[in-house]
Amino acid sequence: MVAGSRMMWGNSMAPVLINSLKLNMHSYIAGERIICQMTISSDVQMDRVRNVSLDFFRIDRIRNEFAFGFGTTPHIVSGMLEVEQDLPASMEPGLYGIGTAILTIEPFGEVGKSPQAPTDDVRVDFLPVIFQVRTAIGLPASPKEIEKQVAAISTNRALLASKPHIVSPLTAMHQGSRFLGFVFGVGCLLHQPQQLEGFVILPLGRGLSHRNMSEIVSQFLNRAGFEPLPFIDATERAFVESTPVFAIEYPMVVATGHEAALEYCRQHADRVFSVLGIDRGQKPRAFAYVATQHNTTQWWHRFDFPGYRGNLLSDFNPVETANSIERLLPRLEANPFSRLIVSTYSDATAEPEYGFALLRFWSVLELVSEHKISAGIPVLHPDGSAILNPKGKPETTSSKHGKVYAYILASGVYESTGHYVEYGIQKTVHVGDSSNISAGLATEVISLWDMVRAVYAIRNAIAHEGQFDLIKAQAGDKYQQLAARLRTRSQGPDPQQFIKWQAQHAIWRET
């Protein structure tokens with residue numbers, strides 16, 4: 001199979017670099033060696049290509065998934081650049097393709113000597129070369145059969161992408177009106193569209209402007225007799241970059257009217273936002289909703305901008321966002337309890353106040369442990385020894401903190417060791433099992449029970465008083481004192497981060 005391409009060099013289109021790319025076979029068994037041959041145009045001397053990196057993707061049901069990549073020094077064989085690599089033995093049977101190549105070009109000078117300038121990395125995007133991976137007992141598909149499979153997948157993808165959303169109380173396409181819906185959000189940085197069943201998330205490649213806010217401030221100052229503030233381009237650029245916007249498109253929403261269609265899109269998008277908020281540290285927010293009825297010129301819209309605090313982390317895997325939504329969204333739709341804990345967690349990530357966020361992260365674990373942990377069971381340290389209260393009686397899971405502790409302990413994910421500098425001295429702190437080998441080497445050891453109780457001390461203060469008073473806590477019991485000490489230190493373990501970490505693990509386990 002052969003695919004032509006065009007080359008992108010920086011931000012401008014460069015002459016064609018790779019004229020063709022072909023493989024030694026069209027069907028492989030996992031673990032077999034794949035040989036890729038590239039014909040290079042005269043624009044680049046082949047003996048100056050130091051390295052060729054290739055990315056492979058798997059053709060999945062609704063989108064391409066990154067499979068693996070490798071880079072190696074090419075050989076010149078019969079006037080072509082040739083690279084070879086063993087396919088991973090763990091590759092699942094299916095159709096795969098090569099989507100991109102990166103050539104590392106040695107700068108001009110005497111070949112083989114240390115260059116006087118850095119090498120150039122040239123990214124090449126080309127039409128995919130598709131091949132099959134099969135089991136050892138599977139039959140190889142012919143090139144025509146592979147082409148038919150790819151065509152069938154493309155057809156099915158189009159059907160899945162336009163899958164209708166039928167809004168209750170309707171149950172069939174013919175019962176209502178058909179709408180195209182859009183929800184515009186802010187607070188999620190995406191680099192490419194995320195296609196899912198019945199909707200697509202589209203990065204808009206820009207952010208919001210602060211010009212209106214600047215004008216409001218300047219007008220106020222002017223009325224008050226002061227000089228207006230200058231409009232600074234650098235501030236505008238920073239504001240735009242910190243407010244990435246995107247849109248969710250719903251191609252087919254079947255509803256009784258435009259209000260029902262808009263409300264459905266709002267609710268559906270809010271659940272998508274909850275999923276986006278799990279890993280990114282910030283739940284995005286909607287600021288506009290638009291709907292139009294198919295085969296008409298009627299439009300309806302509303303704006304609802306709640307503000308934005310930032311969410312600029314993008315996934316390493318370009319389709320991981322879609323994967324997370326696809327995995328979690330059906331569970332949120334079907335399970336009210338899953339919706340509750342995911343929404344609670346996402347709200348916590350959007351909460352700017354330390355104590356309020358901690359309270360919400362704790363609530364996730366409290367909700368889950370109520371479902372998973374029975375009351376009245378004695379709680380134990382990781383080494384099996386009993387945990388006693390100040391009166392010398394066993395602590396049990398009858399308390400909220402006892403249940404949360406028992407749930408975290410049962411998960412097996414609670415150990416951490418870190419380093420920090422205090423008064424110029426480097427220290428090591430271990431949180432978790434005090435009998436752990438790492439704990440024996442640490443300057444400070446905080447047992448899992450003590451850490452949970454320190455978090456709970458902050459949680460109680462927030463829930464009962466709205467704040468965690470450090471002075472009051474320093475005169476309290478040992479758990480309040482530990483919480484105060486951890487809060488006043490600029491480095492070392494942090495109660496909020498600890499409980500956030502535990503809440504995130506609970507979300508992935510329970511949804």
Side-chain angles (χ1 to χ4, degrees), residues 337 341 344 355 358-418 429-465 468-470 472-487 492-510:
F337 183 74
I341 61 174
T344 302
L358 180 147
L359 176 62
R360 288 186 168 95
F361 289 130
W362 176 275
S363 295
V364 172
L365 288 163
E366 191 172 305
L367 288 165
V368 171
S369 64
E370 281 289 334
H371 276 241
K372 297 292 184 179
I373 304 298
S374 300
I377 301 173
V379 293
L380 306 174
H381 286 297
D383 64 0
S385 60
I387 298 176
L388 305 178
N389 64 22
K391 296 181 179 180
K393 295 183 178 181
E395 290 277 2
T396 72
T397 55
S398 294
S399 63
K400 293 178 180 178
H401 56 269
K403 282 189 175 180
V404 170
Y405 170 84
Y407 178 82
I408 294 173
L409 180 65
S411 75
V413 184
Y414 53 82
E415 298 280 343
S416 65
T417 300
V429 60
H430 181 83
V431 177
D433 185 355
S434 58
S435 65
N436 188 291
I437 295 176
S438 297
L441 302 174
T443 310
E444 179 183 8
V445 178
I446 303 174
S447 72
L448 176 61
W449 174 257
D450 287 350
M451 179 56 86
V452 171
R453 289 301 304 270
V455 175
Y456 189 60
I458 299 176
R459 177 264 178 208
N460 280 347
I462 300 300
H464 299 154
E465 302 173 19
F468 180 62
D469 189 327
L470 288 171
K472 188 175 180 179
Q474 288 166 351
D477 63 29
K478 67 175 185 178
Y479 305 117
Q480 293 171 323
Q481 292 175 18
L482 174 60
R485 184 160 59 86
L486 295 177
R487 282 294 293 126
D494 177 74
Q496 190 206 77
Q497 288 302 311
F498 171 82
I499 204 66
K500 178 181 179 180
W501 177 46
Q502 293 299 331
Q504 187 180 61
H505 281 291
I507 290 291
W508 291 124
R509 282 193 296 268
E510 306 299 339

| note | For Asn460, the side-chain contact (heavy atoms from CB on, under 4.5 Å) test, sequence neighbours excluded, returns Tyr456, His464

| query | Who pairs with Arg360 by side chain to side chain donor-acceptor pair (under 3.5 Å), at least two apart in sequence or on another chain? | reply | Glu351

| query | Any sub-3.5 Å donor-acceptor pair from Gln481's side-chain atoms to Ala475's backbone N or O? | reply | no

| note | Residue set satisfying side-chain contact (heavy atoms from CB on, under 4.5 Å) with Ser398, at least two apart, ordered chain then number -> Ala375, Thr396

| task | From the options Val431, Ile408, Val452, select the one residue that forms a side chain to side chain contact (heavy atoms under 4.5 Å, CB included) with Tyr414. | result | Ile408

| said: Would you compute the distance between atom CD1 of Ile341 and atom CD of Glu510 and round it to the nearest 0.5 angstrom? | reply: 6.5 Å

| query | What pairs with Gln480 under side-chain contact (heavy atoms from CB on, under 4.5 Å), at least two apart in sequence or on another chain? | reply | Ala457, Ala473, Asp477

| task | Could you pull out all residues at least two apart from Gln474 that satisfy side chain to side chain donor-acceptor pair (under 3.5 Å)? | result | none

| To the nearest 0.5 Å, how far apart are CG in Leu365 and NE2 in His505? | 11.0 Å

| Going through the checks in order, is the side-chain contact (heavy atoms from CB on, under 4.5 Å) test met by Tyr407 and Arg509? | CA-CA 12 Å; Tyr407 178 82; Arg509 282 193 296 268; 3.3 Å; yes

| said: Once ring-ring contact (aromatic ring centres under 6.0 Å, His included) is applied, do any residues pair with Trp508, and if so which ones, sequence neighbours excluded? | reply: none

| task | Verify side-chain contact (heavy atoms from CB on, under 4.5 Å) between Arg487 and Asp494, making sure each step is shown before the conclusion. | result | CA-CA 7 Å; Arg487 282 294 293 126; Asp494 177 74; 4.1 Å; yes

| field | Distance in Å, Phe468 CZ paired with Leu470 CG, rounded so as to fall on 0.5 Å steps | value | 5.5 Å

| remark: Sorted by chain and residue number, the side chain to side chain donor-acceptor pair (under 3.5 Å) partners of Tyr479 (sequence neighbours excluded) come out as Trp449

| said: Given 3.5 Å as the limit, does a donor-acceptor pair link the side chain of Thr397 with the main chain of Ile377, or not? | reply: yes

| note | Residues at least two apart in sequence or cross-chain that pass salt bridge (charged side-chain N to carboxylate O under 4.0 Å, His left out) with Arg485, listed by chain then number, are Glu444

| query | With sequence neighbours left out, which residue pairs that include part of residues 395-417 fulfil the salt bridge (Lys or Arg N to Asp or Glu O under 4.0 Å) condition? | reply | Glu366-Lys400, Glu370-Lys403, Glu395-Arg453

| With sequence neighbours left out, what residues match Thr443 under side chain to side chain donor-acceptor pair (under 3.5 Å)? | none

| Residues that His371 engages under side-chain contact (heavy atoms from CB on, under 4.5 Å), provided they are two or more places apart | Phe337

What donor-acceptor contacts under 3.5 angstrom involve side-chain atoms of residues 379-390, with partners at least two apart or in another chain?
from   : atom 1 : to     : atom 2 : distance (Å)
Asp383 : OD1    : Ser385 : N      : 3.0
Asp383 : OD1    : Ser385 : OG     : 2.7
Asn389 : OD1    : Lys391 : N      : 2.9
Asn389 : OD1    : Gly392 : N      : 3.0
Asn389 : OD1    : Lys393 : N      : 2.9

| field | Atom pair OG/OH of Ser369 and Tyr405 - distance to nearest 0.5 Å | value | 14.0 Å

| task | Apply side-chain contact (heavy atoms from CB on, under 4.5 Å) to Thr417 and Val429, showing your working. | result | CA-CA 6 Å; Thr417 300; Val429 60; over 6 Å; no

| said: As an exercise, state the distance from NZ of Lys500 to CZ of Phe361, rounded to the nearest 0.5 Å. | reply: 5.0 Å

| Nearest-0.5 Å distance, OG of residue Ser447 to CG of residue Asn436 | 13.0 Å

| query | Closest approach of Val455 and Pro495, non-hydrogen atoms and distance? | reply | CG2-O, 3.7 Å

